Amino acid sequence: MTPHNLTILGATGTIGVNTLDVVARHPERFRVVALTGFNQVDKLAEQCRQFQPRYAVVPDAARATALQALLGNSPTEVLHGEAALEQVVALPEVDSVMAAIVGAAGLKPALAAAKAGKRILLANKETLVMAGRFFMQAVHDGGATLLPIDSEHNAVFQSMPAGYDGDLAKHGVRRILLTASGGPFRTRAVETLAAVTPEEAVAHPNWVMGKKISVDSATMMNKGLEVIEAHWLFNAKPEQIEVVIHPQSIIHSMVEYLDGSVLAQLSHPDMRTPIAHALAYPERMAAGVPWLDLAKTGTLTFETPDIRRFPCLQLAFDALQTDTTAPTVLNAANEEAVAAFLDHRIAYLTIPATLDAAMQRLGSARADSLDDLVAIDQEARAVARQYIAGHTR
Ligand code: NAD
Ligand code: MG
């Protein structure tokens with residue numbers, strides 16, 4: 001078997017590390033062409049020693065020098081800067097790109113992979129939330145293949161009919177049911193949410209994830225972003241997407257058909273399952289995940305999300321309804337608010353308040369180009385930062 005060549009963007013993050021864990025189980029199947037990191041130069045150096053990529057990318061010259069020093073005379077060439085990210089996804093030898101950078105920084109390299117016609121394993125949901133229309137167009141025009149890594153969307157993808165082409169009605173699909181764990185504050189008294197600390201917010205009951213997405217899970221903004229992500233991936237209207245809380249995180253999402261059938265994908269809450277699914281697609285391969293023992297799992301339960309507790313979820317549905325750049329505004333304001341909250345600069349409940357303020361100010365702008373969108377993203381960040389400055393504690 002000729003090995004499949006991979007570039008992993010965000011290799012040092014949670015998704016990146018899980019991807020390398022799966023890849024290491026199948027050395028005959030995959031070859032790592034490029035790995036990218038940001039702050040954790042030591043960790044990236046260690047990954048380079050183990051996987052011997054042709055390229056490693058860091059953000060700036062200082063970190064490039066540091067990485068080079070750690071690597072000594074290894075065959076890995078060290079590159080730096082944003083352009084290098086776009087370069088290592090578009091190399092002719094690269095077959096697949098794992099897009100696992102967090103936040104808006106992941107957009108440009110994901111777009112470059114789309115334009116280069118690669119198979120894109122998309123973890124960076126912010127790409128679709130920020131620029132869904134432009135990204136999907138680039139995937140189409142570039143002849144790229146898009147495989148969702150987000151566990152919910154990967155579950156939907158697996159539960160869809162083979163050859164699904166973006167027409168729900170034609171395939172007899174009535175609705176997409178996205179499951180949500182409800183995060184760490186599902187049952188906490190609403191009156192006490194004002195006192196939530198960053199440490200409490202990042203302590204997710206079922207998943208081990210990066211800090212930003214962990215806070216997003218606590219506010220359920222993550223599910224809101226995922227509703228928007230599902231809209232673009234599966235061409236589903238807002239009213240064709242429903243969110244259901246499922247605290248055990250065993251069912252990762254479902255597809256409901258016109259005949260009343262509901263198909264679901266189940267597994268342990270371990271990202272190596274969707275990662276291995278996408279890496280091997282359309283084949284299957286071992287992921288290193290324990291087998292699901294349903295008798296031991298016991299009860300699976302479901303609830304309707306309480307919008308008073310999770311206002312961010314409603315804001316995402318509202319943003320999607322407007323067919324404007326509201327999702328871009330929402331995403332940008334959320335990144336600013338989450339960073340400020342993690343920094344102990346604002347209270348937990350100031351996160352939804354910041355999003356609301358940004359949406360009110362900028363929610364109905366339109367964008368005819370990617371440059372317009374980037375400008376709106378910047379404007380939304382400025383509005384959010386101003387709001388945050390007026391509400392620091
Ligand atoms: P993380 O914070 O653990 O890792 C982020 C990675 O991005 C790191 O490798 C970091 O070096 C890199 N990075 C950060 N800022 C960067 C920048 N400005 N430029 C270039 N690289 C940068 O995050 P994660 O949990 O691995 O999540 C990655 C993405 O996958 C996010 O978009 C998240 O929403 C999505 N996702 C994660 C999970 C999960 O279980 N962790 C599940 C579904 C989707
Ligand atoms: Mg998810």
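Since this is a predicted model, take the numbers as computed values, not measurements. Note that ligands are numbered from 1 as they come in the structure, with each ligand's atoms numbered from 1 the same way.
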Hey, is ligand 1 close enough to [X] that some N/O pair sits below 3.5 Å?
X	answer
Asn39	no
Val208	no
Trp207	no
Thr12	yes

- Without hydrogens or angle criteria, can the side chains of Ser261 and Asp259 be said to hold a donor-acceptor pair below 3.5 Å?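 Short answer, yes.
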- Item | Aromatic ring pairing His153/Phe234, orientation class (parallel under 30°, perpendicular over 60°, tilted between) |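 Ring orientation of His153 relative to Phe234: parallel.
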- How are the rings of Phe30 and His26 set relative to one another: parallel (under 30°), tilted (30 to 60°) or perpendicular (over 60°)?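 Perpendicular: the ring planes of Phe30 and His26 meet at over 60°.
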- Item | Nearest option to atom 30 (O) of ligand 1, as decided by whichever heavy atom of Ser214, Ala123, Gly106 sits closest |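 Considering heavy atoms of Ser214, Ala123, Gly106, the nearest to atom 30 (O) of ligand 1 sits in Ala123.
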- Item | Option whose closest heavy atom lies nearest to atom 41 (N) of ligand 1, chosen from Lys43, Lys125, Met209 |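 Heavy atom nearest to atom 41 (N) of ligand 1 belongs to Met209.
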- Contact with ligand 1 for Pro59, non-hydrogen, under 4.0 angstrom: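 Pro59: no contact with ligand 1 (<4.0 Å).
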- Message: Tell me whether ligand 1 is touched by Ala100 - counting only heavy atoms on the residue side and a distance under 4.0 Å.
- Response: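 Under 4.0 Å: yes for Ala100.
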- Message: Using only atom types and a distance under 3.5 Å, with no angle test, would you say the side chain of Asn18 pairs donor to acceptor with the backbone of Thr14?
- Response: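 Side chain of Asn18 to backbone of Thr14: a pair is present.
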